[in-house]
Number of protein chains: 2
Amino acid sequence: MNEQRSIRAKSGANQEGTGAHNRRVIIDALRVNGALSRADLARATGLTKQAVSNLVETLENEGLVASEELVRKGRGQPSTPYRLVAEGAYSIGLQIDRHVSRVIVVDLVGNILARATAKVPPRSPEEGAEVVLDLLAGVRTEFAAGRPDAEARIAGIGVAMPGPFGVEIADDSLWLMQAWQSFPLLDRLAAGTGLAVSLQNDAAACATAERMLGAAHGLDHAVCIYIGYGIGAGLILGGELYSGAHGNAGEIGMVLFGGPDRLTPLEHRASIASLYGVLGIDPADPGQFDKLDALVLGGDRRVGEWIARAAHDLRLAVHTAETLFDPQTVILSSGVPGSLMPRLIAAIEPLRPSLSPTASRTIPRLRLGMTDPWAVAIGAAADPIRRAFDPSFSAILKRQGE
Amino acid sequence: MNEQRSIRAKSGANQEGTGAHNRRVIIDALRVNGALSRADLARATGLTKQAVSNLVETLENEGLVASEELVRKGRGQPSTPYRLVAEGAYSIGLQIDRHVSRVIVVDLVGNILARATAKVPPRSPEEGAEVVLDLLAGVRTEFAAGRPDAEARIAGIGVAMPGPFGVEIADDSLWLMQAWQSFPLLDRLAAGTGLAVSLQNDAAACATAERMLGAAHGLDHAVCIYIGYGIGAGLILGGELYSGAHGNAGEIGMVLFGGPDRLTPLEHRASIASLYGVLGIDPADPGQFDKLDALVLGGDRRVGEWIARAAHDLRLAVHTAETLFDPQTVILSSGVPGSLMPRLIAAIEPLRPSLSPTASRTIPRLRLGMTDPWAVAIGAAADPIRRAFDPSFSAILKRQGE
DNA sequence: ACGAATAAGTCAAGCGATTTGACTTAATAA
DNA sequence: TTATTAAGTCAAATCGCTTGACTTATTCGT
């Protein structure tokens, strides 16, 4: 090898890549717009009718799209709309959280087909991997029952864990799940399941879910602030999930905010961990959400105070995110169901003035996204589908993942 | 037309696009690595020897690359390195600042070939456009003298102005150059020069310059904080300049920082405008930099206090940028020459702990970039070259600019 | 000194995917 | 009833990368 000095260069492209890209563009267009005819697709993508026709035929043979009824909409031959076939692909999501693991199976359009949970021993990843593999195996057999050929259509396993990843010096006040992070979980899962495994942090997973099914559907520039036990932001920049040079972009929970009195990480005042600390709720308690919602609905004073403090910092966080990323919208999502998040978002308003144009704006600056304990698991499951079917720069190049 | 509901889709790709992309990849590799042989290029890009050979032959015929002397480096046939030809393309940069306009001509590798300045009447864009067009015409004739065929090789005019753009409600404390912004300057310049004209804000221009020639050379993830009369950040994310949904990403000068006492936009405490306010220097004074440097070198107390305040806020700004963008490095650039910036950067250190890995790090977390009144103009000139010759997702697609 | 090994680069045919332009089909509008 | 409009197909052309064999030039080992 001639590698005295290592040569850095971007990857070239070839026809195979353009074909793959165009297939993804077709799928993306159907996902965003619903059913479209080949002529519509040709106009929307800039490809020729013939190219689209070939692509659609291939996709139909692969079972990824199917035709609907003829549509007569004026002069000319009626058009045949095509839509995505939900059963065209499946994906497994695995969320490893501090106190619980969740596994979920979704199809190409995001329908949930199976799910299961397990408690994970927090300090033993070896044992935890066994638990998780059992959980996966159970859900897979449940899923496979009555779906003879579905196994081959599983795009992979998406794993979501709290970030940040690869951090050497830990702040003791943050629970970094370091034992999990040093454990080669992905290899173990890949070996144990025979499927491709990918990893993202929980905020990125939530953003992936919001983009596939939620408030960021069809948007190319969005910041998704995820409030879980910790806080992070999933970044959709230029139509792609952005994860930074080391995979830790968007760790807004570590950013210092605060008012006149003090300067603290966002996470210290606006995370569910901080709320649970105030209320004395055990995050391992299965009934935590019911207890919390009772307190919220009961007008508990401590909840009100937490909301006020959290909203203050989040207002700054939204301002910072808007100013730095200039997104189409900011989405606030959470794993906490019920009435907490609507009250929190109401307390954040009114937002600080923003730079972005207001007159031409059709999307609200701040929107409530999913408030569902399964949001991250859904996003984890969406990740393999995104990787396999969404248009992206790297997917068009010869060597992937650059 | 069948446009009842507008259909959104990403653009398809074709062979023409892959060819264009591969040409850009070759040029980029030569820019980042210096001279490379065809075999080196083939290995680095993942393309075949034959594909690279054809591309290099085309580029050589177009006058963009040229061969160097044979290199014997071991067994096997000696290789022929190719390098970029400086005279292969030219570009014009125009910086419109609050008190001065600068025009500069650079070549493909960033050599400065001509430059000129003019005072711009700040409140009259019509008159200002005339001044700028005269300036451009003068520099163009100076540049064309002795370069017979160079005119046809001008990639375009890059314009840099202070942002943000398209803002409706202005904060009176910020000088937004609104009169300039509502004026159709780009059209006027395009009509008056017959060249393609593009626009970016001054921080983005500075980042473009740092990436082509400076501290971000060859990096794909960098945040470039530009301290000029105002403050902004140019973002290089995933190998491309990121400008957000409305072109205003990176406006870090508007972000609220501050310590226990108060919360103010970064710009209020760390911009040159704030320093000049303290020192009573007139930003329209041609001798401003000499006066400032004398005060800095003379140990002026007010300068020391400003540095302390600015460094405090900038330390927070760097922390925020590192946490949200997870870049390879943060670069601090300025239009102010002399000893101010080295002292400021020294005052910012030590940085707050970061999430990014420290063991594997080869690039410093914070680096001093250009400190040159011409930095933004150079970046403005680099923009047309970037658009024409750098690999990017949009350049591979059929319809550009999405 | 000489042959083997190694590597750069070329040649010519092949191939994959889009494009082109003509054509067919089917509906509405006049 | 006919012209017009639009969807979709057919077959050939084209573009750019790939493949595999080949040539050339240099160093290494004996």
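Below, chain A is the first sequence line, B the second, and so on; all start at residue 1.
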Checklist entry - What nucleic acid atoms does Asn54(B) come within less than 4.0 Å of, heavy atoms only: base, sugar-phosphate, or nothing? => result nothing
Checklist entry - Using a cut-off of 4.0 Å on non-hydrogen atoms, how would the nucleic acid contact of Ala51(A) be classed: base, sugar-phosphate, or nothing? => result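 The residue Ala51(A) makes base contact.
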Length of the line joining [X]:[atom1] and [N]:[atom2], which is rounded to integer Å:
X	N	atom1	atom2	result
Lys398(B)	dT18(C)	NZ	P	10 Å
Leu55(B)	dC17(D)	CG	C1'	9 Å
Asp40(B)	dA8(C)	CG	P	7 Å
Asn14(B)	dC17(D)	CG	P	12 Å
Lys49(A)	dT25(C)	NZ	C1'	12 Å
Asn22(A)	dT19(C)	CG	C1'	13 Å
Leu47(B)	dG9(C)	CG	P	15 Å
His21(B)	dC15(D)	NE2	C1'	17 Å

Would you say [X] places a side-chain N or O within less than 4.0 Å of OP1 or OP2 belonging to [N]?
X	N	value
Thr18(A)	dA17(C)	no
Arg72(B)	dA8(C)	no
Arg75(A)	dA3(D)	no
Thr48(A)	dT18(C)	no
Arg43(B)	dA7(C)	no

Next on the checklist: Using modelled atom types and a 3.5 Å cut-off, is there a donor and acceptor pairing between side-chain atoms of Asp28(B) and backbone atoms of Ala9(A)?
Outcome noted: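 Not confirmed, Asp28(B) side chain does not pair with Ala9(A) backbone.
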Next on the checklist: Would the distance check show the side chain of Arg153(B) and the main-chain N or O of Asp107(B) forming a donor-acceptor pair, the cut-off being under 3.5 Å?
Outcome noted: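 Pair absent, no side-chain N/O of Arg153(B) close to backbone of Asp107(B).
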Polar atom pairs (N or O), protein with nucleotides 10-14 of chain D, under 3.5 Å:
from, atom 1, to, atom 2, distance (Å)
dC10(D), N4, Gln50(A), OE1, 2.4

Checklist entry - Looking at residues at least two apart in the chain, or sitting in another chain, which of them share a ring pair (Phe, Tyr, Trp, His ring centres under 6.0 Å) with Tyr242(B)? => result His221(A)
Checklist entry - Can you name the residues that form a ring pair (Phe, Tyr, Trp, His ring centres under 6.0 Å) with His246(A), not counting sequence neighbours? => result none
Output all residues satisfying side-chain hydrogen bond (donor to acceptor under 3.5 Å, both in side chains) with [X], sequence neighbours left out; order by chain, then residue number.
X	answer
Asn54(A)	Gln50(A)
Ser53(B)	Arg38(B)
Tyr90(B)	none

Item to check | Nucleotide nearest Ala39(B) when distance is taken to its side chain, options dT26(D), dT9(D), dA8(C) | outcome: dA8(C)
Item to check | Neighbour count above 12 (heavy atom, 6.0 Å) for Glu62(A) CD | outcome: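 Enclosed.
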Next on the checklist: Arg75(B): which residues meet the side chain to side chain contact (heavy atoms under 4.5 Å, CB included) condition with it, sequence neighbours left out?
Outcome noted: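 Not a single residue meets the side chain to side chain contact (heavy atoms under 4.5 Å, CB included) criterion with Arg75(B).
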Item to check | Pairs flagged by side chain to side chain donor-acceptor pair (under 3.5 Å) wherever residues 18-27 of chain A is involved - sequence neighbours left out | outcome: none
Next on the checklist: Judged by each residue's nearest nucleotide on DNA chain D, which is more toward the 5′ side, Arg23(B) or Leu70(A)?
Outcome noted: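 Its nucleotide being nearer the 5' end, the pick is Leu70(A).
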Next on the checklist: Give the residues of residues 76-84 of chain A touching DNA chain C, defined as any heavy atom closer than 4.0 Å, sorted by residue number.
Outcome noted: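 Per residue number, the list reads Gly76(A), Gln77(A), Pro78(A).
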